[in-house]
Peer 1: 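Provided herewith is a single structure, encoded as structure tokens, for subsequent inquiry.
Letters A, B, ... are given to chains in the order of the sequence lines, protein chains preceding strands, and every chain is numbered from 1.
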Amino acid sequence: QKEVEQDPGPLSVPEGAIVSLNCTYSNSAFQYFMWYRQYSRKGPELLMYTYSSGNKEDGRFTAQVDKSSKYISLFIRDSQPSDSATYLCAMSYFQGAQKLVFGQGTRLTINP
Amino acid sequence: GAVVSQHPSWVICKSGTSVKIECRSLDFQATTMFWYRQFPKQSLMLMATSNEGSKATYEQGVEKDKFLINHASLTLSTLTVTSAHPEDSSFYICSARRRGGNQPQHFGDGTRLSIL
């Protein structure tokens, strides 16, 4: 079993729809949770960074962490074609170098 | 704007040559930088953790003599792929974490390496 599970998709939705992306994890020692967006042939771009259970909102993006269920989500409101990308969840431990453990990434396409 | 700069973005070279990739943090000091490799349609695979002023820590299965890492300053880390062969062709990405606890990693735009 992988430490972090993420459905690779692909996921295709119409413009304006609410998108829900999620990851599950098995190790309760993870303390920090991130969502990155990666466009083709580019490096990942940090979207959200959280370290506690609950919701965090930034513009059209909302990150949700449920540590009791070992489940994190990213919601995108009013989705735009420019949101089409691969979305990677990542998490790290509190101690040490805080290396990231990534999900497989979900390929998202927003159709005009 | 970008906070981590990676150069070059794309390099093509002959088998047997060595290639150096630079990773710079633009407006912060990075005590720790990371080097990843990414194959098409796959997630990032951590190769090594680079600490300023000390030897890099390599992940299991990564040849340290093949992938030389130097973190000479708080804003620069380099990855040198020595005697590159076609199987080394890949997308290499670096990231940097700001000094201080509990900071996220910021990524460069990657280097596409093609070995002929």
Peer 1: Take atom CZ in A:R41; do more than 12 heavy atoms of anything else shown fall under 6.0 Å from it?
Peer 2: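 No, the 6.0 Å shell around CZ holds no more than 12 heavy atoms from other groups.
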Peer 1: Does any backbone or side-chain atom of A:R107 lie under 4.5 Å from a heavy atom of chain B? Answer side chain, backbone, both or neither.
Peer 2: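 Answer is side chain: those atoms of A:R107 sit under 4.5 Å from chain B.
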Peer 1: Under 3.5 Å, is there a donor-acceptor pair between the B:Q42 and A:Q104 side chains?
Peer 2: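 On atom types as modelled, these side chains do not qualify, holding no pair under 3.5 Å.
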Peer 1: Where does A:Y51 contact chain B at under 4.5 Å (heavy atoms): side chain, backbone, both or neither?
Peer 2: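 Neither part.
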Peer 1: Return the set of residues passing ring-ring contact (aromatic ring centres under 6.0 Å, His included) with B:Y92 (not counting sequence neighbours), or none when no residue passes.
Peer 2: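 Testing B:Y92 for ring-ring contact (aromatic ring centres under 6.0 Å, His included), a comparison that skips the adjacent residues, returns none.
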Peer 1: Just wondering, are more than 12 heavy atoms of other shown residues or ligands nearer than 6.0 Å to NE2 in B:H85?
Peer 2: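 Above 12, so yes.
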Peer 1: Which pair of heavy atoms, one from A:K99 and one from B:E59, lies closest together, and at what distance?
Peer 2: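 Looks like NZ-OE2, 3.0 Å.
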Peer 1: B:Q103 versus chain A, heavy atoms under 4.5 Å apart: side chain, backbone, both or neither?
Peer 2: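 The answer is the backbone of B:Q103.
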Peer 1: Counting only non-hydrogen atoms closer than 4.5 Å, does A:L100 touch chain B with its backbone (N, CA, C, O), its side chain (CB onward), both, or neither?
Peer 2: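 For A:L100, heavy atoms of backbone and side chain both lie under 4.5 Å from chain B.
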Peer 1: Looking at B:G110, B:G108, B:P104, which makes the most heavy-atom pairs under 4.5 Å with chain A?
Peer 2: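 The candidate making the most pairs under 4.5 Å is B:P104.
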Peer 1: Are B:V62 and B:V19 in one and the same hydrophobic cluster, where Ile, Leu, Val, Met, Phe, Trp and Tyr link if side-chain heavy atoms are under 4.5 Å apart?
Peer 2: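 Looking at the clustering, B:V19 is in the same group as B:V62.
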Peer 1: Should the heavy atoms of other residues, nucleotides or ligands under 6.0 Å from NZ of A:K42 be counted, would the total exceed 12?
Peer 2: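 Incorrect, the count does not exceed 12.
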Peer 1: I'd like to know whether NZ of B:K66 has more than 12 heavy-atom contacts from other residues, nucleotides or ligands below 6.0 angstrom.
Peer 2: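 Check passes, neighbour count above 12.
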Peer 1: Counting only N and O atoms by type, is there a donor-acceptor contact under 3.5 Å from the side chain of B:S43 to the main-chain atoms of A:F102?
Peer 2: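 Such a contact is absent between B:S43 side chain and A:F102 backbone.
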Peer 1: If you round to the nearest 0.5 Å, how far is OG of A:S92 from CZ of B:R97?
Peer 2: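 Answer for the CZ-OG pair, B:R97 versus A:S92, is 7.5 Å.
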Peer 1: Set out, in order, the CA-CA distance, both residues' side-chain angles and the distance that settles side-chain contact (heavy atoms from CB on, under 4.5 Å) for B:D109 and A:E45, then state yes or no.
Peer 2: CA-CA 9 Å; B:D109 263 347; A:E45 171 192 3; over 6 Å; no
Peer 1: Heavy-atom cut-off 4.5 Å, strictly under: side chain, backbone, both or neither for B:L46 against chain A?
Peer 2: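 B:L46 touches chain A through side-chain heavy atoms alone.
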Peer 1: Is A:F75 reachable from A:F33 through a run of I, L, V, M, F, W or Y residues, each pair having side-chain heavy atoms under 4.5 Å apart?
Peer 2: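 Per the 4.5 Å side-chain linkage, A:F33 and A:F75 are not co-clustered.
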Peer 1: Closest heavy-atom contact between B:F91 and A:Q38?
Peer 2: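 Heavy-atom minimum between the residues: CE2-NE2, 4.1 Å.
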Peer 1: Do the side chains of B:F107 and A:M34 join up, straight or via other hydrophobic residues, at under 4.5 Å, putting them in one cluster?
Peer 2: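 In one cluster with B:F107: A:M34, yes.
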Peer 1: Kindly work out whether a path of hydrophobic side-chain contacts (I/L/V/M/F/W/Y, heavy atoms less than 4.5 Å apart) joins B:Y58 to A:V101.
Peer 2: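 No; A:V101 is not reachable from B:Y58 via cluster members.
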Peer 1: Under a 4.5 Å heavy-atom cutoff, which of B:I93, B:L44, B:T31 has the most pairs with chain A?
Peer 2: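 Heavy-atom pair counts peak at B:L44.
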